Amino acid sequence: WVRWRVWLCHLAAVLSLGLILIVFHWRPRLAVLARCVSCPLALADVLLITVKINKTLLRYYLFEGIRYVWLSKRGTFCRVSVLSEDWTCKDLYGFQKGLSHLEQKFRKCIYGPNLIDVPVKSCASLLFEEVLNPFYIFQLCSITLWIIDNYYIYAACILVISVLSICISLYQIRKFRTDIYGCVSSEEHVSSVDLVPGDCLIIPQEGLVLPCDVAVLAGECLVNESMLTGESVPVLKTPLPAGEETYSAESERRHTLYCGTHLIQAKGGGPGGHGAIAVVTNTGFFTAKGSLVSSIMYPQPINFRFYQDAAKFLLILGCLAFLGTIYSFVALYRSRATLKELIIRSLDVVTIVVPPALPAAITTGTIYAQNRLKNKGIFCISPPRINVSGKLSIFCFDKTGTLTEEGLDVWGVMEGGPAGFSEMVPDPKLLPHGHMLSGLACCHTVTLFKDQPLGDPLELKMIESTGWLDAEFGGNRVLAVMRPPVQGKAVAIVQRFPFSSALQRMSVVTTTPQGCSAFAYIKGSPEMVASLCQEDTVPPQFSSQLQMFSSEGLRVLALAYKELEKDMLFLGLLMMKNMVKPQSKEVINILRDAQLRCIMVTGDNILTAVNVAKTCGMVACHERVIFVNATAHTASSAPTLTFNLEDGGHGNFQSSADVITQRRWYGLIKENLFTLLLHRCSYRVGMCGDGANDCGALRAADVGVSLSEAEASVASPFTSKSENISCVPMLISEGRCSLITSFSLFRYMALYSLCQFSSVLILYTLKTNLGDLQFLFVDICLMTSLALLMGRGGPSQELHACRPPASLLALPVLGSIFLHTCMIAAGQLAALFTTMSQEWYIPLNSTTKIGQENLPNMENSSVFVLSGFQFIIMAVVVTKGYPHKKPLYYNRERRPSKKRYKRLNDSLLNSPLWPPLSRPVLQSQRHPRQLASAPPCRTPSRTDS
């Protein structure tokens, strides 16, 4: 802080009547620059709070709910979570003993309370913040100017509309904050506010909503993560493996319980075998739920050209308003106007050229589109994304559960060995008792909850095909016991290692009732499982059989087993059929006809994915498929990409971008890579998935659509209740319609301002202006009605190949606005000169003041009547229909009848403030003496003088 600067700011605030404080409220950075000087970061004290801990000084600040602390070693402020980023799995097991009271208190001071704080401000506080919005400050200044200029009726109507807008905005903001607060707040028997990273927890057996992110150390937990992912299938969490690897919540998802998820069951780790033991890893806004709430409360700005050009165009209108102000000042000064009139009229031009209703007008189409999507079962939590969906050029789809059915059916089992594969057995129940049948029955993460099996649909189908049941035996606590349907030995599961996409497999450890022998079973991708087995146990026909089954679109899994401390032995293959949804092919064909690139995102075998792509029409029969193989970076070689054709040939491709631009590339890629690759090629990308394991891709895409039962999913901006991808063409159609509507409304609002700007400048030159009711009629009745009419049109029935434009600063747009403005001004001047050339024309009295005193007059009527028709013609001209929107005449709902239009026209024609041009004709035919009784604002005609 610089004291003299602070006092200078106080003085400036007093002299500007608080205006500079409003500017500082809008731009806090200016307030800091005005009151402070730059200094080394270590000495900075702005926006920092000091807390004394153990005779040391902790410097930190909060930004969007996240705490940043000063680290002397790094010489900068860092997120407080970096203090626990280097924890290894072994370190977490070291916290199992718990923290001392001193250590817990110290960590609480550093990490802060375990709160996802969503402040619900009072109505008075929200009102104060809303009124200080630049839009309402501009409205307040305009209303004050209109009142000074005696436009009382118009000012009163705008004031009422502004108050209603503020009330609606306050209600929406408070409701949004209250809803978010209800999601993050929960009652606990024991306060969870004092939890810090490193605390050891005993998780109860069931019914807990996790207050923080924790890593499971002992026992198993079945949780419902639908709040985070939208996936209703429960997920089994197992103990974290001890080791020297650095712990990461993202890579150790199968061992991490996330804040906000609902615990269904915990067993095998707590006292007496009930519950589980876990250690806290993240608290507050650093949890998965905290990050989600932070992204909702503080969304990232959308990098969309339409919104960027809109702000730039407003600056252009501001420059035009400045030129109009100069012209008005000169014209009025030459007319010997008073200083008050000079100031009022010059500032009034600014309120005309820069329309304050422009932001609301361009969102009209988005609001209508959002309502139409809601009626179709598609819910949106980010309305600006609707316009973005109109510019999509690529749409990505998850395979399992999105393009294909959620469940899988067992197709058959083939046992394998050194001699080769046996005949395929269509029903696993027909297998003889042995390790293959035991592996199918035990290698899973299904758990029994209230006599109901819960788990992955694939594993449920696999267990169902064997006929084995989950049961208890022997009085010993184990994770699960599988018993055959007929007489046979039961198998107990004592340890489970869930499926890992990085390892491409899962495994279990089992034992017999007598405990005399223990076996480990693994299940996963055939290539990975085969690489872990003894070579002599893998059948020679392994590759050919795998290629044949994958080419037929089957989901192939391999199984193997071993006795503990021995090598892995290959067991065989399990084939499962995943049928393509009947709607997928129709939707893919619609998107391909509209020139939208369709990409499949999957982790399955590439041949299986190609079969699904051909089945659903994503790859046509005459098109070639390119396999992209990547080799990782090593100490001796750089990372490389190789491209091979499906038939085994080699393509002449230099890079991945070259493959994409040749339009022969169909993605079979990982979710964390596809947006990076495509964005570097300047594509707008959409993503559709079921929200199970594709949340990262749904959030990273420009437009994410989650197929979920909920009305709003935190996994993506859009949520569809349909179980298939038929919602995608609907969304794109509505997006294009909304973008076209916003484009049209923006051009209309700009032309409306320029039309009124032209009328006012012409009338200023003649020492007159528009009347109070005339402004009111144009702004409230005419402009608002036409804007609502333009926004109501629905999307076209077909999805066309061309995409709507999104640039407002393109030459055709600016050129058309310029030509329209010239034609508008020329038309108004023509109407004025035509009126002035008539014999019955009575000139304006030059001795009266500009304003209500010289109304009505013929100059005003001629310009205003023509401008009213120009507003209507402009609405028809700029409203674009084909090919993305229905024509304007389709909008027939709530249209006023012809009688209502005639009644409105008659009332306006009979108004004393808006005389028809025919009324002075009767006056010109009167006796000269009768003309002497004419209103004082008019001078006698030339023939009577």
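As the structure is a computational prediction, the values presented were derived from the model and not from experiment.
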Is the closest side-chain heavy-atom distance between [X] and [Y] below 4.5 Å?
X    : Y    : answer
L83  : Y111 : yes
I493 : H444 : yes
K374 : F379 : yes
S438 : T510 : no
P453 : L460 : yes
T261 : V235 : no
E252 : E245 : no
L707 : C688 : yes

Can you tell me how far the [atom1] atom of [X] sits from the [atom2] atom of [Y], to the nearest 0.5 Å?
X    : Y    : atom1 : atom2 : result
C212 : K289 : SG    : NZ    : 11.5 Å
Q504 : M528 : CD    : CE    : 4.5 Å
M436 : L559 : CE    : CG    : 5.0 Å
F519 : C443 : CZ    : SG    : 14.5 Å
T404 : M579 : OG1   : CE    : 10.0 Å
E405 : N724 : CD    : CG    : 9.0 Å

Would you name the heavy atoms of [X] and [Y] that are closest together and state the gap between them?
X    : Y    : value
I522 : S507 : CG2-CB, 3.5 Å
I277 : C200 : CG2-SG, 3.7 Å
S720 : V705 : CB-CG1, 4.3 Å
R253 : Y258 : CG-OH, 3.4 Å
P498 : L236 : CG-O, 4.5 Å
A276 : C221 : CB-SG, 3.6 Å

Decide yes or no on side-chain contact (heavy atoms from CB on, under 4.5 Å) for L571 and Y521, but give the supporting numbers first.
-> CA-CA 10 Å; L571 281 176; Y521 293 93; 4.2 Å; yes
Of Q495, H255, E220, the residue whose pairing with T238 passes side chain to side chain donor-acceptor pair (under 3.5 Å) |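 Of Q495, H255, E220, side chain to side chain donor-acceptor pair (under 3.5 Å) with T238 is met by H255 alone.
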Using the test side-chain hydrogen bond (donor to acceptor under 3.5 Å, both in side chains), find all partners of K581 that sit at least two apart in sequence or belong to another chain.
->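 Not a single residue meets the side-chain hydrogen bond (donor to acceptor under 3.5 Å, both in side chains) criterion with K581.
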Parallel, tilted or perpendicular, as decided by the 30° and 60° cut-offs, for the rings of Y561 and H435 |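 H435 vs Y561 ring planes: parallel.
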Look at atom CD1 of I202 and say whether more than 12 heavy atoms of other residues, nucleotides or ligands are closer to it than 6.0 Å.
->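 Open: at most 12 neighbouring heavy atoms sit under 6.0 Å from CD1 of I202.
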Distance-only, no hydrogens or angles: does the [X] side chain make a donor-acceptor pair with backbone N or O of [Y] under 3.5 Å?
X    : Y    : result
T287 : T283 : no
R67  : I110 : yes
R496 : M506 : no
S465 : M462 : yes
N224 : P234 : no

Would you sort out whether Y247 and T256 count as a side-chain contact (heavy atoms from CB on, under 4.5 Å), showing the intermediate values?
-> CA-CA 10 Å; Y247 169 80; T256 303; 2.7 Å; yes
Between R107 and D199, is a side-chain contact (heavy atoms from CB on, under 4.5 Å) present by the stated rule, with each step listed?
-> CA-CA 10 Å; R107 293 195 179 191; D199 274 334; over 6 Å; no
Report the C-alpha distance between W468 and V491 in whole Å, list the side-chain angles of each, state the deciding distance to 0.1 Å, and finish with yes or no for side-chain contact (heavy atoms from CB on, under 4.5 Å).
-> CA-CA 10 Å; W468 286 42; V491 179; 4.1 Å; yes
